[in-house]
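What follows is a set of notes on a single structure, which appears directly below.
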Amino acid sequence: MSTPARTSRRSGIRGGEAASGWLFTAPMIILLGMFLVIPVLMALWVSFSDWNGRGSPFAGTVSFVGLDNYSALVGGGGLAEQDFGTALRNNAWYVLLVVPIQTMLSLFLAVLVNRQILRGRGFFRTAFYFPSVTSSVAITVLWLFLFSATGAVNKLLAFVGVNGPNWFNDPSGVLHNILGVFGVTTGPAALTGNSFLGISFWEWLAGPSVAMSAFILMAVFTTSGTFMLLFIAALQNLSGDVVEAAMMDGANGWQRFWRVTLPQLRPTLFTVLTLGLIGAWQVFDQIYTGTQGGPGKTTLTPAYLSYQTAFTNQAWGQGAAIAFILFVIIVVFTLFQRALLAERKVSVRRMRPYLQTPTSGGTK
C-alpha cells in the first residue's frame, strides 16, 4: 500500500529538482538567447535580404532576395566571386599549414616539459605559454617590425648569407617561387585554363603568399603554448602501467609514444585539432591590424572579407552570407575530423584469439 505513495514522493522530488535546475540555468539561457541565438537568426535573415545597413533589417523597405547573395559569391562570375575565391584559397593554405604545425609543435613541447629529468620545467612552461596570453594586436605590431624589409628577421637571414624578402609587401606564392627556382614560371593549360570560384587552378596551387607565410609563423608562435597546456594535462592523467608493460615487452621510446601514449591522447588531440581548425578559419584581428588583405589580396580571409563587405561596402547581405558559408565549412571540417579520429571497433577476426578459452584436460 505504501509503494504508490513512495513513487509519488520520488517523482515529486525529481520534479522539484528539475524545476530548480531550470530556475538556476534560466539567467544563462536568457542571456544566450538574447546575445547569441537572436543575433544569429537576425544575421541569417540578413543573408537572404537586400538590407543596406540603414534602419531595421525587418523594415518594410527590406526585400527578401532568396539565395541571390549566396549565388553571387559562389557562381556570380563577378568581383564578389573572385574575392571570395581568393579569400578561401588564402585561408585554406593558412589552415593547411597552421593546424598541423601548431599541433605537432605543442605536442612536442608538452612531452618535452613533462619530463621529470628536465630542470626548470615551470620556467619553460611559462615561457612557451607567454605568447598565448599576449594581445594579438600587440603581437601583430611586433611582427610587422620583425618582418619588415630592414627588420630583425632579414638581418638574421643576411647574417647567414640569405637575402630576405620584403615580407608583408610580397604577394608572390611560396610554391610558385620554389618552382621558379627550377625555371617553371607558368602552369600547364589544364591548370591555367580552368578555374574554381573565379581563381584558376594554377593560382589555387600557388601556396600561401610570402606575406601570409609571416602570419602563419605568427599563428604557430602564439597558439602552440595554449595547446601545449592541454597536452600536458592529458599526459599527466595517463596511467603509467601501460607504459611500464610496453617497456617490459621491449618497446623502445618511439614505439611507446606512437603505440601507447598517442592513442590515449586521442580525445585531447581531437580537442586541439578542432580548436585550431576553428581559430584558423576565423582569423581576423591579425589581418585587420597588419595588412588588411594586402598585398594584392593575398592575405584576404573570409572573416575579414565578411567585415569589409558589410561595413565598408555596405553589402550586408553578402557579408552575412560569407559568414554563414564559413560556418558551414567549419562544421563540415569538424565532423570530418571527428569521424577520422573516432574510436574504431575491433573486428571479430582480430578479437577471436583473445576470446577463445583454452581447453583443459588435454585432447582426446
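Excluded from the calculations below are hydrogen atoms, water molecules and symmetry mates; all remaining heavy atoms, backbone and side chain alike, are included.
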Judged by atom type as modelled, is there a donor-acceptor pair below 3.5 Å linking the side chain of [X] to the main-chain atoms of [Y]?
{"X": "Q308", "Y": "Y304", "result": "no"}
{"X": "N154", "Y": "N163", "result": "no"}
{"X": "W281", "Y": "L326", "result": "no"}
{"X": "S306", "Y": "P302", "result": "no"}
{"X": "T289", "Y": "Q286", "result": "no"}
{"X": "N90", "Y": "L300", "result": "yes"}
{"X": "W202", "Y": "P188", "result": "no"}

Say whether [X] and [Y], considering side chains only, have a donor N or O and an acceptor N or O under 3.5 Å apart.
{"X": "S106", "Y": "S224", "result": "no"}
{"X": "T301", "Y": "N91", "result": "no"}
{"X": "Y70", "Y": "S47", "result": "yes"}
{"X": "T299", "Y": "T291", "result": "yes"}

Taking the inter-plane angle between the rings of [X] and [Y] on a 0 to 90° scale, is it parallel (under 30°), tilted (30 to 60°) or perpendicular (over 60°)?
{"X": "F327", "Y": "F324", "value": "perpendicular"}
{"X": "W316", "Y": "W51", "value": "tilted"}
{"X": "F196", "Y": "W204", "value": "tilted"}

Verify whether the ring centers belonging to Y94 and F215 lie closer than 6.0 Å.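 No, they do not, as the ring centres are separated by 6.0 Å or more.
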Near-ring test W143/F221, centroid separation under 6.0 angstrom: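 Ring centres of W143 and F221 closer than 6.0 Å.
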Might you confirm whether atom [atom1] of [X] has over 12 heavy atoms from other residues, nucleotides or ligands at distances under 6.0 Å?
{"X": "F58", "atom1": "CZ", "result": "yes"}
{"X": "F333", "atom1": "CZ", "result": "no"}
{"X": "F24", "atom1": "CZ", "result": "no"}
{"X": "Y288", "atom1": "OH", "result": "no"}

Give, for atom CG of L109 and atom CE of M228, the distance between the pair rounded to the nearest 0.5 Å.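 Separation between the atoms: 6.5 Å.
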